Amino acid sequence: MKRYNPQLVESKWRKNWQTADLYKGIDFAKRPKYVMLTEFPYPSGEGMHMGHIREYTLGDIIARQKRMEGFNVLYPMGYDAFGLPTENYAIKNKVSPEVATQKNIANFQEQLERLGFSFDWSRRINTSDPAYYRWTQWLFLRFFQAGLAYQQEIAVNWCPFCKTGLANEEVINGRHERCDTLVEKKLLKQWLLRITDYAQRLIDGLEQVDYLPRIADQQINWIGKSKGAEIKFKIVNQPDQFIEVFTTRPDTIYGATYLAIAPEHNLINSLIGPKQKSQVENYIKQAQAKSDIQRQDNQSKTGVFSGSYAINPINNQQIPIWIADYILMNYGTGAIMGVPAHDQRDFDFAKKYQIAIQYVIEPSFGQAQEKQLEREAIVAVVINRQKQQVLMLNWGARQHSSGGQLFIGGGVEPGEDLQACARREIAQECGYTNLKIINQLDYNVHNHYYSNVVDQNCYAKIRGFLFELTDDNKVDPNLDSGEKNKFSIEWVNIQDVEKLVSDPAHKYIYQALLSEQKAVVGEGIMVNSSKYDRLNSSQARELIVKDLTKQGLAREKINYRLRDWIFSRQHYWGEPIPIIHCKKDGAVAVPDQDLPVELPKLDHYQPTGTGESPLSAVTDWVNTTCPKCGQPAKRETDTMPNWAGSSWYYLRYFDPNNNKMFASRDKLDYWGAVDLYLGGMEHVTLHLLYSRFWHQFLFDQGLVPTPEPYLARRGQGIILAADGTKMSKSKGNIVNPLEIIDSGYGADALRLAITFLAPYDQTTPWSPESLGGTFRFLQRIWTMVGEFNAADGGNQESEELVRVINKTVKRVSKDLLNLSFNTAIAGLMDCVNQLYLIKAKDRYQSVQWQWALETLVKLIAPFAPYIAEELWEQLANQGSVHLSSWPTYQEKYVAEEKTVFVIQINGKVRGQVRLAIGSSQADVEKEALKDPKIASYWQANKIVKKIFVPDKLLSLVIKSE
RNA sequence: GCCGGAAUGGCGGAAUUGGUAUACGCGCACGACUCAAAAUCGUGUUCCUUUUUGGAAUGAGGGUUCGAUUCCCUCUUCCGGCACCA
């Protein structure tokens with residue numbers, strides 16, 4: 001018997017699979033379809049990394065198993081070849097991007113083939129191929145003709161390193177996600193796609209598909225829907241002018257003490273007062289020079305008074321209009337009503353510029369009762385700075401809303417000053433008199449509770465005070481009879497206070513007093529709001545919008561954080577945008593029959609950095625004639641972003657060589673939507689969102705048959721380096737998959753190791769040692785099949801063998817259905833371990849061995865395709881194991897006859913008995929009593945309760961005295 | 001700050017609707033084979049105590065239950081995403 005040598009096995013079958021057409025002779029028409037999609041790679045010079053291998057291995061396992069189950073599986077692969085890294089590489093190495101791409105693709109191709117992925121290479125696509133991008137351009141023109149592609153001069157995110165504009169999604173923490181360069185703002189005329197028109201659809205569509213919840217959540221989050229209202233504020237002395245603000249909290253409108261607008265706001269010039277002119281113009285200049293990151297430095301909000309006033313429509317109050325760069329022009333209306341009392345940002349701004357703070361909502365706790373004692377009250381927190389302790393009253397065990405640990409509290413006497421009241425209560429309850437006021441709240445906290453002292457339901461409007469104890473001097477406490485002996489005074493360490501305080505209102509007051517005074521941002525009770533007083537803020541919110549809408553001063557509005565997709569790039573290596581600019585006819589679509597607009601061959605494709613693409617220098621390409629009027633005209637010189645070709649690539653796989661349409665309707669109808677899409681989490685708000693948008697639009701145009709492109713989407717986790725950090729070139733901890741294969745482990749062991757490591761969707765460190773484990777596992781199977789061939793075989797019957805195999809078939813099938821790949825492999829390992837035990841006993845003399853080993857080989861085929869094919873041949877089978885059918889199991893061989901009943905005493909396992917499935921409680925009890933230990937519990941104690949779970953356990957509750 | 005996810009042996013990780021926690025693999029220890037090593041095969045391996053027995057343990061604390069890794073509440077830490085979004 002030869003040793004398992006992956007090199008020999010894998011090269012042999014790689015050759016055979018290339019020459020043999022594996023799928024010839026299959027009647028696909030009779031099979032149900034299954035589209036297994038993994039993200040196609042960007043063919044960088046680096047070649048494949050572990051993440052690619054994980055993704056494509058998982059897809060391959062599913063594709064192969066589904067094929068064996070009788071599906072017509074489409075498992076395609078291609079190259080997403082346009083993009084900046086190739087262009088940068090080409091410039092650096094003085095080759096054309098086209099040549100660089102060809103070279104990189106050849107490298108990738110070889111690597112993919114080494115790993116034994118069952119891609120249908122006849123459908124290979126390349127997004128930079130004119131035969132492909134012809135259709136990317138064609139699809140773009142559909143957007144253009146539907147009015148969803150438009151040009152606008154906007155301040156775009158500009159990457160000074162890549163010298164191109166970027167989409168919002170490509171900016172991470174103010175940096176370009178590809179090169180990590182700080183992004184600047186630049187005013188450019190850009191093409192945009194109206195993805196915002198699909199914001200709601202993109203949210204709603206998620207309900208029809210099966211995405212990993214965190215993928216759907218991330219998309220919803222990114223789209224960022226918020227409900228609110230737009231409210232008009234008139235401008236003083238300009239009767240026809242008004243500023244519209246967007247707010248999600250119209251209920252706080254009585255607290256609006258100023259209005260703020262973005263420096264880019266279009267009404268700004270009409271607002272500047274003569275005195276403020278130079279100051280305001282200076283500020284605007286400064287603000288525009290700032291990058292986004294500088295503006296987001298919220299340590300210091302800045303602004304300037306415009307010189308004008310607005311009128312609050314709810315109460316006709318005049319409020320100042322400020323210009324502030326914390327207001328973003330591209331969200332809402334670029335203007336807000338400033339409510340410092342109830343918005344932390346406005347609060348910070350108002351503090352800095354001494355703008356009035358008006359509380360109109362007060363926090364409220366507990367439920368109002370029918371008969372409740374209503375009163376004004378104080379809560380006093382007394383702190384001992386030296387000892388870091390806080391004074392608390394312990395009212396005994398907390399029951400319902402009474403008792404527990406509280407601060408000092410008490411009712412306000414008629415006409416009494418609030419702070420005086422707090423001092424009086426402290427003296428009365430604890431005796432302390434030497435106190436320094438440190439902080440006090442400017443609003444009430446409403447509390448509904450039950451009072452021990454007066455023995456009834458109370459509703460208190462509480463004002464909070466924070467005192468510092470200056471010395472320990474005390475007077476005698478002076479308690480009334482209701483309070484005497486009901487509480488004890490305790491000094492509590494400051495770090496324990498929040499844990500101990502039992503009443504939510506007291507806790508709120510404590511936190512508000514100790515933190516820097518903050519805005520009240522939650523819901524609460526309306527105050528200082530005229531007729532809306534005493535209402536719930538959420539109710540008032542709706543009423544106020546309704547009332548203002550009636551007067552034509554407001555309307556309900558839903559805003560999305562999502563911005564339109566900036567679709568222009570100022571680079572060479574991308575799809576030319578197929579538009580011709582004509583002086584007379586404006587932007588005109590290149591006629592469909594003239595597509596593709598091919599990229600001209602260039603000698604220099606360096607980005608210009610001027611905001612124009614290098615194509616603009618190719619005058620004989622740029623100069624053309626208008627398709628409408630025939631007059632001289634110029635071509636659009638911007639190219640499409642990297643994400644264009646991948647927005648529809650899955651559709652091209654259905655019909656890759658069609659030169660009449662992007663895909664024929666027949667093929668689209670047959671394949672429909674992708675059944676399972678596996679990809680990286682990093683593309684959830686980029687590629688995944690973009691392609692869903694394209695697909696939804698194509699569906700609306702009647703060009704595709706399904707409303708959503710992907711029926712299910714999962715994301716695989718990242719493989720970290722063995723030290724738990726991200727693999728990166730700079731750290732030098734990258735694991736090269738090809739080196740692993742060549743070091744003697746082979747592709748099969750690598751595929752198994754990466755799959756067995758952890759659940760597929762979990763980020764997990766790579767462990768080189770696990771490779772030894774999976775290699776040994778394959779070797780054990782190899783040995784077993786080899787020895788079996790050497791043996792003569794026999795005619796014993798082994799039910800054990802039949803059972804082990806049947807159970808494994810069931811387990812592996814079920815795990816694969818749940819994408820639980822790692823446990824499926826554990827099941828296969830378990831199976832091999834058990835076969836070794838059986839083998840040791842019967843020395844291959846059982847008649848079922850041939851069948852058992854064949855079945856095992858089928859089960860490992862999706863995971864380790866090379867060795868499976870080799871062993872399939874060694875077991876004297878015709879054809880490919882990958883065309884054999886997935887094994888099935890019989891329930892009668894999976895079901896056990898006997899099972900273990902666990903005997904529990906008071907919830908603890910004290911014994912177990914092995915009895916037939918379906919045994920009665922009486923049988924189990926009888927058997928259990930044979931165990932002297934159990935019997936001793938039985939006799940010596942009184943049995944309170946017996947719980948019997950069929951086929952599982954008998955649990956006894958006994959009284960132990 | 002907001003939205004997700006996670007926490008189990010020395011390590012990666014298992015555990016149906018709540019029902020024997022630690023499957024499978026790695027590592028480690030011991031043994032067999034060998035002149036020896038590698039490879040392979042076998043045995044053991046949560047911790048504490050112990051002769052058996054027994055006790056404790058799934059990030060921390062509480063709750064529901066005969067019984068909780070699993071359900072509920074509070075908290076801690078880590079990871080991912082978003083973030084001046086009004």
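No hydrogens, no waters, no symmetry mates; every other heavy atom, side chains included, goes into these values. Since the structure is predicted, the reported quantities are computational estimates derived from the model, not experimental observations. All chains are named by letter (A, B, ...) in the order of the sequence lines, taking the proteins before the strands, and each is independently numbered beginning at 1.
- When Watson-Crick and G-U wobble pairs are counted only if both distances are under 3.5 Å, B:G67 pairs with no nucleotide at all.
- Nucleotides B:U77 and B:U16 are separated by 30 Å at their P atoms, to the nearest Å.
- Counting any heavy atom pair closer than 4.0 Å across all strands shown, A:I947 reaches a base atom.
- A sub-4.0 Å separation between OP1 or OP2 of B:A39 and a side-chain N or O of A:R3 is absent.
- Not one N or O on the side chain of A:H506 forms a donor-acceptor pair closer than 3.5 Å with the backbone of A:V501.
- Straight-line distance between the P atoms of B:A60 and B:U70: roughly 11 Å, to the nearest whole Å.
- The distance from atom CG of A:L212 to atom P of B:G81 is 15 Å, rounded to the nearest whole Å.
- For the OP1/OP2 pair of B:G55 and a distance below 4.0 Å, the side-chain nitrogens and oxygens of A:R910 include at least one atom meeting the criterion.
- Spacing between atom CZ of A:R249 and atom P of B:A86 amounts to 12 Å, rounded to whole angstrom units.
- Taking the centre of each ring, A:Y4 and A:F775 come in below the 6.0 Å mark.
- For B:C11 and B:C28, the P atoms lie 15 Å apart once the distance is rounded to whole Å.
- For B:G13, one of the phosphate oxygens OP1 or OP2 lies less than 4.0 angstrom from a side-chain nitrogen or oxygen of A:T764.
- Using a 4.0 Å cut-off, no side-chain N or O of A:R776 falls inside it from OP1 or OP2 of B:G25.
- Using C1' as the reference atom, B:G13 and B:A21 are 14 Å apart when rounded to the nearest Å.
- Across all strands, A:T774 comes closer than 4.0 Å to no nucleic acid atom at all (heavy-atom distances).
- Between the A:R713 side chain and the A:L212 main chain, no donor and acceptor come within less than 3.5 Å of each other.
- Listed pair A:Q344 / B:G1 fails the phosphate criterion, with no side-chain N or O lying under 4.0 Å from OP1 or OP2.
- Between A:F756 and A:F777, the ring centre distance reaches or exceeds 6.0 Å.
- When both pairing distances are held under 3.5 Å, B:C82 makes a Watson-Crick or G-U pair with B:G1.
- Between A:F948 and A:V924, the closest side-chain pair of non-hydrogen atoms falls below 4.5 Å.
- Closest to the side chain of A:A758, out of B:G25, B:A23, B:G13, is B:G13.
- For a distance-only test at 3.5 Å, the side chain of A:Q762 fails to qualify as a donor-acceptor partner of the base of B:G13.
- Among the protein residues, A:R214 comes within range of the sugar-phosphate backbone only, with heavy atoms under 4.0 Å from sugar or phosphate atoms but none that close to a base.
- Contact between A:A722 and A:P765 at its shortest, heavy atoms only, is O-CB, 4.1 Å.
- B:A36 makes up no base pair with any nucleotide shown, lacking Watson-Crick or G-U wobble contacts both under 3.5 Å.
- Residue A:Q218 is in sugar-phosphate contact alone, with no base atom involved, counting any heavy-atom pair closer than 4.0 Å across all strands shown.
- For A:K952 against B:U17, a side-chain-to-base donor-acceptor contact under 3.5 Å is present.
- Using a 4.0 Å heavy-atom cutoff across all strands shown, A:V900 reaches at least one base atom of the nucleic acid.
- If you check B:G61 for Watson-Crick or wobble pairing at under 3.5 angstrom, you find it paired to B:C73.
- Atom-to-atom, CD1 of A:I905 to P of B:G55 comes out at 12 Å; the value is rounded to the nearest Å.
- A:K908 comes within 4.0 angstrom of the backbone, heavy atoms only, and of no base.
- Shortest non-hydrogen contact noted between A:Y760 and A:L819 is CD2-O, 3.4 Å.
- Proximity of A:T685 to the phosphate of B:G81: no side-chain N or O atom is located under 4.0 Å from OP1 or OP2.
- Under the salt bridge (charged side-chain N to carboxylate O under 4.0 Å, His left out) rule, A:E244 has a single partner from A:K557, A:R555, A:K232, which is A:R555.
- Both distances falling under 3.5 Å, in either a Watson-Crick or a G-U wobble arrangement, occur for no nucleotide opposite B:A14.
- Residue A:F756 is the one, among A:S955 and A:F756, whose nearest nucleotide of RNA chain B lies closer to the 5' end (criterion: closest heavy atom).
- For B:G55, the base is anti relative to its sugar; the glycosidic angle deviates from 0 by more than 90°.
- Within the nucleic acid shown, A:P759 comes within 4.0 Å of sugar-phosphate atoms alone, with no base atom in reach, counting heavy atoms only.
- When rounded to the nearest whole Å, the span between OH of A:Y836 and P of B:G25 equals 12 Å.
- Separation of the C1' atoms belonging to B:A56 and B:A6 is 25 Å when rounded to the nearest angstrom.
- For the pair A:I327 and A:T763, nearest-nucleotide mapping onto RNA chain B gives the more 5' position to A:T763.
- Nucleotide B:C47 is matched to B:G55 when pairs are restricted to Watson-Crick or G-U wobble geometry with both distances under 3.5 angstrom.
- To the nearest whole angstrom, the two C1' atoms, one in B:A15 and one in B:C30, are 30 Å apart.
- Remark: the separation of the C1' atoms in B:U8 and B:A14 is 10 Å, to the nearest Å.
- Contact check, A:N822 against B:A23: no side-chain N or O comes under 4.0 Å of OP1 or OP2.
- Side chain of A:R249 to main chain of A:V521: a donor-acceptor pair is present (N/O by atom type, distance under 3.5 Å, no hydrogens or angles).
- Rounding to whole angstrom units, CZ of residue A:F777 and C1' of B:A23 are separated by 15 Å.
- Within the 4.0 angstrom heavy-atom criterion, no nucleotide atom of any strand lies near A:I231.
- Taking only side-chain nitrogens and oxygens, A:N559 never comes nearer than 4.0 Å to OP1 or OP2 of B:A86.
- The listed nucleotides are B:G19, B:G80, B:C24; the one nearest the side chain of A:K726 is B:G80.
- Rounded to whole Å, the separation between the C1' atoms of B:G9 and B:G80 comes to 27 Å.
- Pairing partner, B:G42: B:C30, with both Watson-Crick or wobble hydrogen-bond distances short of 3.5 Å.
- Across the strands present, B:U20 finds no partner; the criterion is a Watson-Crick or G-U wobble pair with both atom distances under 3.5 angstrom.
- Within the 4.0 Å cut-off from OP1 or OP2 of B:U40, at least one side-chain nitrogen or oxygen of A:Q779 is found.
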